[in-house]
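The figures that follow rest on heavy atoms only: side chains count, while hydrogens, waters and symmetry mates do not.
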Amino acid sequence: MKKNKILENILVILVVFFLIGTILPSGMASIGHHEPYTKKLLENADGKFSEKMKQSFNFRDNIKNIYRGYGKNLKQSGIFTSVIHTTCNDVEKTKEVYFGFFNDIDVDDNENTGINGADIRVQFLILPYILPDPNLIFGLLFTVNIERIGEEIKDKNFKFTMDFGNNNLEMGYWSPSNEGNEIPNSIRISCMLFFNPTEQTNGLKFYVNPEYLTGREGKQIVFYAKHTSEDTEKIFSFDFEPAIETQMTISSTRNQGEWKYQFIRESSTDAKITVNFTRIKDEEEKETVFTIDEIPKELSFSLALTPLIDGGGSFLYESDEMYDVEVLVTSTEMGVCKYATIKNTPRKINAEWTPTRENGSYSIVVDSDGTDFILKDSLTNPTVNLTIRNLEDIDMTAQWNLTNPGEFVVKKNPSFNIDIEFYIGEWVAKLNAMPAAEDISISWYTNITGYLEYDTNWQPLNEIDLLIQGEDLGIRTVSEMFKAEDFRLDWTVWPPVDWNLETTGEIEFTSISIELYLQGSWHHLWPW
């Protein structure tokens, strides 16, 4: 009996989709690969979607005919009914609406605002989606159109949410009451759940198009959605400043923990976008936030973040091309350094780090024409800051013990101009070096009696500017045409006014200055 009921509901849904296909004008049932999928779905050039849709779709009469025969089953399925939640300042309202109908809704509890007390007009549609090429994709598209039909609420703090399919999908937007902002005259929001059987991947496509008679400048909109499956909840939000027409896609990949992101900016206006993606599975919550300072016309990349032991993390970013944008990634999946900034995004970054004073390490592989990559534990007053500038095609590993005695060792490909700046607690390690040595090593012990050791395997560096400094000790080396092999400089400061120095190993340079920070002040150590 239960099986027959399920089959009956499936049959009803298929019948409705077939009828929708006969209702829609030619070209509306299939969505072109290169066309914005909801623009073709609901073309609305003049922004007044209600009248235009009434004329071109004639939904009301056709949907009524569908409901006469199948209304009971549609309502029980939960797919073709929806609940709307609105918050206008402090007024909260809830209303049930039905597929295809135009619904005039009072959101401020004031019968003297809007049209006959109604402030917004809402219609939602659900359509199947099949893309046969280049990869077979099946999907279900949910689209909501909201028109503000009253002027009285336009400057208010307004939130709109719609529930689909027994709360399996929620979608909505927020228009904050910031100075200069207003509720859009009309807005179209869409979400498509899709599955790629060839790649065995799935994801969600989002679309938002807010329209303002006063223009987009100074406007802000936050689009959000939540999708719930059997054991996983995914929550998304997209904050646009200014509010622009954009498509967004977030999909899984064949690699565990790696997600692919794509943005297509349909508007000519530049905008900043902040994306929040939270995934909850088996009561474990993983949150990733990234901010793009100026979204290009199209941006596509994959991202994988993994926490490691001792507060470390790994970061894998891949893209087909570089973009002249700055992206800030925030995630608890990166260990202590939960903030990662990429300036001039590369084709690839693969980095791992352990940001500890003892047995610390950092390895990075980059494919770029010039990228800055910055890791921090805080955006304000960070205690850990790992910065590498002007990264090109490099493969580099750094290891350190920022202690006394201590060491700092860098291995890199010979063509890389290295520019690193690491802060860990009260310690700082800075290295700016020109090619071509592949290995740079310094070790130290600083006190009244101490030593410094340098080694480049007798490979030259055109320039080197090295600083290692802790709370009560420091070493600074500046040199040109520098190379060394097992070079060691020992000293004893006794009596206090004399420096007894001894050198072993080999060193060569055209100029050099080595300074030592000891007992609260810097001293020139070598050469005399």
Checklist entry - For Glu111, does the CD atom sit with more than 12 other heavy atoms under 6.0 Å from it, leaving out its own atoms? => result no
Checklist entry - Do you know which of Gln123, Arg121, Arg188 makes side-chain hydrogen bond (donor to acceptor under 3.5 Å, both in side chains) with Asn145? => result Arg188
Checklist entry - What do the steps show when you test Phe238 against Thr246 for side-chain contact (heavy atoms from CB on, under 4.5 Å), and what is the final call? => result CA-CA 10 Å; Phe238 305 85; Thr246 311; over 6 Å; no
Item to check | Option among Met171, Gln247, Met248, Glu245 that satisfies the side chain to side chain contact (heavy atoms under 4.5 Å, CB included) test with Val208 | outcome: Met248
Next on the checklist: Do Phe194 and Leu131 have side chains that approach each other closer than 4.5 Å (heavy atoms only, starting at C-beta)?
Outcome noted: no
Next on the checklist: side chain to side chain donor-acceptor pair (under 3.5 Å), that's the test. Do Lys376 and Thr341 meet it? Break it down for me.
Outcome noted: CA-CA 9 Å; Lys376 295 182 179 181; Thr341 302; over 6 Å; no
Checklist entry - Atom CG in Leu375, atom NZ in Lys338: separation rounded to 0.5 Å? => result 14.0 Å
Item to check | CD1 on Ile364 to CD1 on Ile388, rounded to 0.5 Å | outcome: 4.5 Å
Next on the checklist: Just checking Asn381: does its CG atom have more than 12 heavy atoms from other residues, nucleotides or ligands closer to it than 6.0 angstrom?
Outcome noted: no
Checklist entry - Distance-only, no hydrogens or angles: does the Ser229 side chain make a donor-acceptor pair with backbone N or O of Thr232 under 3.5 Å? => result yes
Item to check | Side-chain touch Asn209/Glu266, heavy atoms, less than 4.5 angstrom | outcome: no
Item to check | Arg389/Asp372 ion pair, N-O < 4.0 Å | outcome: no
Checklist entry - Between Ser252 and Asn202, is there a donor-acceptor pair closer than 3.5 Å when you use the side chain of the first and the backbone of the second? => result yes
Checklist outcome for this item: Of Tyr98, Phe101, Phe164, the one forming a ring-ring contact (aromatic ring centres under 6.0 Å, His included) with Phe124 is Phe164
Checklist outcome for this item: Value for CD1 (Ile183) from SG (Cys88), rounded to nearest 0.5 Å, stands at 5.5 Å
Next on the checklist: So, taking the atom named CD in Glu170 and the one named CE in Met162, what distance separates them when rounded to the nearest 0.5 Å?
Outcome noted: 12.0 Å
Next on the checklist: Please check this pair: side chain of Ser267 against backbone of Thr269, looking for a donor-acceptor N/O pair closer than 3.5 Å.
Outcome noted: no
Item to check | Heavy-atom side-chain contact between Ile120 and Ile153 under 4.5 Å | outcome: yes
Item to check | Full working for salt bridge (Lys or Arg N to Asp or Glu O under 4.0 Å) between Lys348 and Asp367 | outcome: CA-CA 5 Å; Lys348 179 178 180 179; Asp367 179 5; over 6 Å; no
Checklist entry - Asp239 and Ser237: side-chain donor and acceptor closer than 3.5 Å? => result no
Next on the checklist: Show, in sequence, the C-alpha distance, side-chain angles and deciding distance for Glu421 and Asn385, and conclude whether the side chain to side chain donor-acceptor pair (under 3.5 Å) test is met.
Outcome noted: CA-CA 8 Å; Glu421 188 172 343; Asn385 182 344; over 6 Å; no
Item to check | Closest heavy-atom pair and its distance - Pro210, Arg216 | outcome: O-NH1, 2.7 Å
Checklist outcome for this item: Scanning both residues in full, the closest heavy-atom pair of Ser368 with Leu391 reads OG-O, 3.4 Å
Item to check | Side-chain heavy atoms of Trp353 within contact of Val384, under 4.5 Å | outcome: no
Checklist outcome for this item: When rounded to the nearest 0.5 Å, the distance separating CZ of Phe223 from OH of Tyr173 is 12.0 Å
Item to check | Approximate separation, where rounding is to 0.5 Å, of Asp369 CG and Asp324 CG | outcome: 11.5 Å
Checklist entry - Would Ile130 and Leu136 count as a side-chain contact (heavy atoms from CB on, under 4.5 Å) if you check the C-alpha gap in whole Å, the side-chain angles of each, and the deciding distance to 0.1 Å? => result CA-CA 7 Å; Ile130 299 177; Leu136 180 64; 4.3 Å; yes
Checklist outcome for this item: Here the pair of heavy atoms bringing Gly172 nearest to Ile189 is CA-CD1, 3.8 Å
Checklist entry - Tell me, do His85 and Asp163 make a side-chain contact under 4.5 Å, heavy atoms counted? => result yes
Item to check | Chi angles and distances behind the side-chain contact (heavy atoms from CB on, under 4.5 Å) call for Thr397, Ser361 | outcome: CA-CA 7 Å; Thr397 300; Ser361 64; 5.9 Å; no
Checklist entry - Are a donor atom and an acceptor atom from the side chains of Thr387 and Tyr423 found within less than 3.5 Å of each other? => result no
Checklist entry - Stepwise, does the side-chain contact (heavy atoms from CB on, under 4.5 Å) test hold for Leu305 with Lys286? => result CA-CA 10 Å; Leu305 309 173; Lys286 297 180 180 181; over 6 Å; no
Checklist entry - Can any side-chain N or O of Asn89 pair as donor or acceptor with the backbone N or O of Asn157 at less than 3.5 Å? => result yes
Checklist entry - Quick check: are there more than 12 heavy atoms from other residues, nucleotides or ligands sitting under 6.0 Å from NZ of Lys93? => result yes
Checklist entry - How about Lys95 and Thr86: does a side-chain donor come under 3.5 Å of a side-chain acceptor? => result no
Checklist entry - Hey, does the side chain of Thr354 reach the backbone of Thr356 with a donor-acceptor pair shorter than 3.5 angstrom? => result no
Checklist entry - Does any pair with a residue in residues 288-300 pass salt bridge (charged side-chain N to carboxylate O under 4.0 Å, His left out), and if so which ones, sequence neighbours excluded? => result none
Item to check | Ser300 backbone acceptor or donor facing Ser319 side chain under 3.5 Å | outcome: yes
Item to check | Nearest atoms (heavy-atom pairs only) where Pro355 meets Asp310 | outcome: CD-O, 4.1 Å
Item to check | Within residues 253-265 or reaching into it, pairs that qualify as salt bridge (charged side-chain N to carboxylate O under 4.0 Å, His left out) - sequence neighbours excluded | outcome: Glu199-Arg254, Arg265-Asp270
Next on the checklist: Less than 4.0 angstrom from a charged side-chain N to a carboxylate O is my criterion; do Glu151 and Lys154 meet it?
Outcome noted: yes
Next on the checklist: Tell me which pairs pass ring-ring contact (aromatic ring centres under 6.0 Å, His included) where either residue lies in residues 265-312, with sequence neighbours left out.
Outcome noted: Phe236-Phe277, Trp259-Phe277, Tyr261-Phe290, Tyr261-Phe301, Phe290-Phe301, Phe301-Tyr317
Item to check | Validation row: Pro184, Ile221 side chains within 4.5 angstrom (heavy atoms) | outcome: yes
Item to check | Exercise: identify the closest heavy-atom pair between Tyr212 and Asn185 | outcome: CA-OD1, 3.4 Å
Checklist entry - Is Val329 close to Thr288 at the side-chain level, that is, under 4.5 Å between some pair of heavy atoms? => result yes
Next on the checklist: Is it true that Thr113 and Asp108 share a donor-acceptor pair across their side chains at a distance under 3.5 Å?
Outcome noted: yes
Next on the checklist: Less than 4.5 Å apart, side chain to side chain, heavy atoms only: is that true for Met322 and Thr371?
Outcome noted: yes
Item to check | Main-chain N/O of Val122 paired with Asn103 side-chain donor or acceptor, under 3.5 Å | outcome: yes
Item to check | Nearest non-hydrogen partners of Phe206 and Ala225, listed with the distance | outcome: CE2-CB, 3.6 Å
Item to check | Other residues, nucleotides, ligands: >12 heavy atoms within 6.0 Å of Lys219 NZ | outcome: yes
